[in-house]
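Each remark here refers to the structure printed beneath this line.
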Amino acid sequence: MATEAPSIPLLTPYKLGKFNLSHRVVLAPLTRQRSYGNVPQPHAILYYSQRTSKGGLLIAEATGVSDTAQGYPDTPGIWTKEQVEAWKPVVDAVHAKGGVFFCQIWHVGRFSNQGFQPNGQAPISSTDRPLTPRLRANGIDVAEFTPPRRLRIEEIPQIVNDFRLAARNAIEAGTEARYLHSTGKNKIESLKMAAEAPTIPLLTPYKLGKFNLSHRYPDTPGIWTKEQVEAWKPIVDAVHAKGGVFFCQIWHVGRVSNQGFQPNGQAPISSSDRPLTPQIRSNGTVAADFTPPRRLRIEEIPQIVNDFRLAARNAIEAAIRLNSYHKKTGDPSTSSESTVYT
């Protein structure tokens, strides 16, 4: 009898909530900058359909929730009737080939300038701290950012409503789920924060047992304290109110950190004591330096596992339906990059 060929994990079926995927290869959201006037173009039908397989999952490029959400040229939106109608044939083409289509909605926050804003106004954000210029992807041009205007407390509900409307429009366009882009300097960070507060509850340090969860970047949220859980709830509720599905990606950065992000200036913890080499930041000029990590002892590993268990439980309490574990090179849990859904 012929030896059975070994199965390839990436190509095995997977049940993602109510979706039965035929494999685990997902089209990641990729900004294309080809949606002229912020409206998806007919060529997007071909682009997405070419990347569709039966039972495969596609996540749309970042899609703006309002006219203040823009920070890049020619990126699509989903806040007008015209945009919704333009998305429909794109989604239909994916469905015609048996694919599953998620719409990633976002607001860029202060990652913008007056040229992208209505009436040349300043970008809105949770902070009035300006961003420094940075080198664009072409390695030549420099992106300039207009100093942002901090939102007032009474303005925050409008931003929440923008996301609600975008989620509702994505449903009308035929997408199966709505996926919130929440990283870097983008707008989601401000939905819960009080506009005049000097500190951001989601970002405050916290000691969990004898370990402290670390951050690779400044201004990234957590979900290990009661305060953080309560801060997530209205965000999740706003998505659920419009029929959206919200995933919580939980992580520990491991050695991809330095003493400046660690409590009491301690070394980052990791599965390895091998240091990382400095890397050029996204501005193209400043180097990110990493402190040599401390390797976890065997008896410490259960505590890290428990940290993830607690975070997953907290995400459930915040009413998030699915949790994804972000695992990347340098993290304590693995030496490769993948995403695991539970």
Side-chain angles (χ1 to χ4, degrees), residues 7-65 69-80 82-108 136-138 166-167 169-184 186 239 243-247 249 322 324-329 336-341:
S7 62
I8 302 174
L10 276 176
L11 302 183
T12 57
Y14 184 76
K15 184 171 178 59
L16 180 64
K18 65 180 181 181
F19 306 110
N20 294 303
L21 305 182
S22 61
H23 56 78
R24 307 178 186 218
V25 181
V26 178
L27 176 70
L30 303 167
T31 298
R32 301 290 81 187
Q33 295 182 270
R34 297 169 184 167
S35 296
Y36 311 120
N38 303 126
V39 177
Q41 301 296 300
H43 57 240
I45 301 171
L46 178 62
Y47 172 80
Y48 282 104
S49 65
Q50 283 179 331
R51 289 154 179 81
T52 304
S53 60
K54 186 176 181 179
L57 172 61
L58 293 81
I59 303 177
E61 59 203 286
T63 303
V65 300
Q70 303 304 304
Y72 299 85
D74 301 324
T75 53
I78 197 162
W79 70 88
T80 72
E82 182 185 11
Q83 292 165 337
V84 173
E85 293 302 316
W87 273 116
K88 286 182 179 180
V90 178
V91 179
D92 289 345
V94 172
H95 290 169
K97 296 181 72 173
V100 177
F101 199 91
F102 284 16
C103 180
Q104 180 182 235
I105 54 178
W106 77 337
H107 191 301
V108 301
R136 292 190 184 276
N138 61 15
N169 287 344
I171 293 171
E172 183 182 341
T175 66
E176 283 83 354
R178 279 53 62 194
Y179 177 101
L180 269 70
H181 184 295
S182 174
T183 187
N186 298 319
V239 176
V245 178
F246 197 100
F247 289 11
Q249 178 180 244
L322 287 170
S324 68
Y325 295 80
H326 179 87
K327 304 198 298 181
K328 191 172 183 179
T329 302
S336 63
E337 182 174 10
S338 61
T339 299
V340 180
Y341 296 98

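All values below were derived from every heavy atom in this structure, side-chain atoms included, with hydrogens, water molecules and symmetry-related copies excluded. Computed from a predicted structure; not experimentally measured.
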All side-chain hydrogen bond (donor to acceptor under 3.5 Å, both in side chains) counterparts of [X], not counting sequence neighbours:
{"X": "E85", "answer": "K81, K88"}
{"X": "Q70", "answer": "N38, T75"}
{"X": "H43", "answer": "none"}
{"X": "T80", "answer": "Q83"}

- Any donor and acceptor pair, going by atom type alone, linking the side chain of T175 with main-chain N or O of A170 inside 3.5 Å? yes

Where do [X] and [Y] come nearest, in terms of heavy atoms and distance?
{"X": "G37", "Y": "D74", "value": "N-OD1, 4.0 Å"}
{"X": "W87", "Y": "A173", "value": "CB-CB, 3.9 Å"}
{"X": "P76", "Y": "S35", "value": "CB-OG, 3.5 Å"}
{"X": "A167", "Y": "I105", "value": "N-CD1, 4.2 Å"}
{"X": "A69", "Y": "V65", "value": "CB-N, 3.7 Å"}

- d(Y72 OH, Q33 CD) to nearest 0.5 Å is 8.0 Å

- Task: Rounded to the nearest 0.5 Å, what's the gap from OG1 on T63 to CG on N169? Could you check?
- Result: 11.5 Å

- Run the side-chain contact (heavy atoms from CB on, under 4.5 Å) check on L57 and Y14 step by step: do they pass? CA-CA 11 Å; L57 172 61; Y14 184 76; over 6 Å; no

- Going by distance alone, is a donor N or O of one side chain under 3.5 Å from an acceptor N or O of the other, for E61 and Y48? yes

- Task: Could you tell me whether K15 atom NZ has more than 12 heavy atoms of other residues or ligands within 6.0 Å of it?
- Result: yes

Pair up each side-chain donor or acceptor in residues 20-29 with any protein partner under 3.5 Å, not counting sequence neighbours, and list the distances.
unit_1 : atom_1 : unit_2 : atom_2 : d
S22    : OG     : K54    : O      : 2.5
H23    : ND1    : V25    : N      : 3.2
H23    : ND1    : V25    : O      : 3.3
H23    : NE2    : S53    : OG     : 2.7
R24    : NE     : T12    : OG1    : 3.2
R24    : NH2    : P13    : O      : 3.3

Enumerate donor-acceptor pairs with a distance under 3.5 Å from any side-chain N or O in residues 91-102 to protein atoms, sequence neighbours excluded.
unit_1 : atom_1 : unit_2 : atom_2 : d
H95    : NE2    : E176   : OE1    : 3.1
H95    : NE2    : E176   : OE2    : 2.6
K97    : NZ     : S49    : O      : 2.8

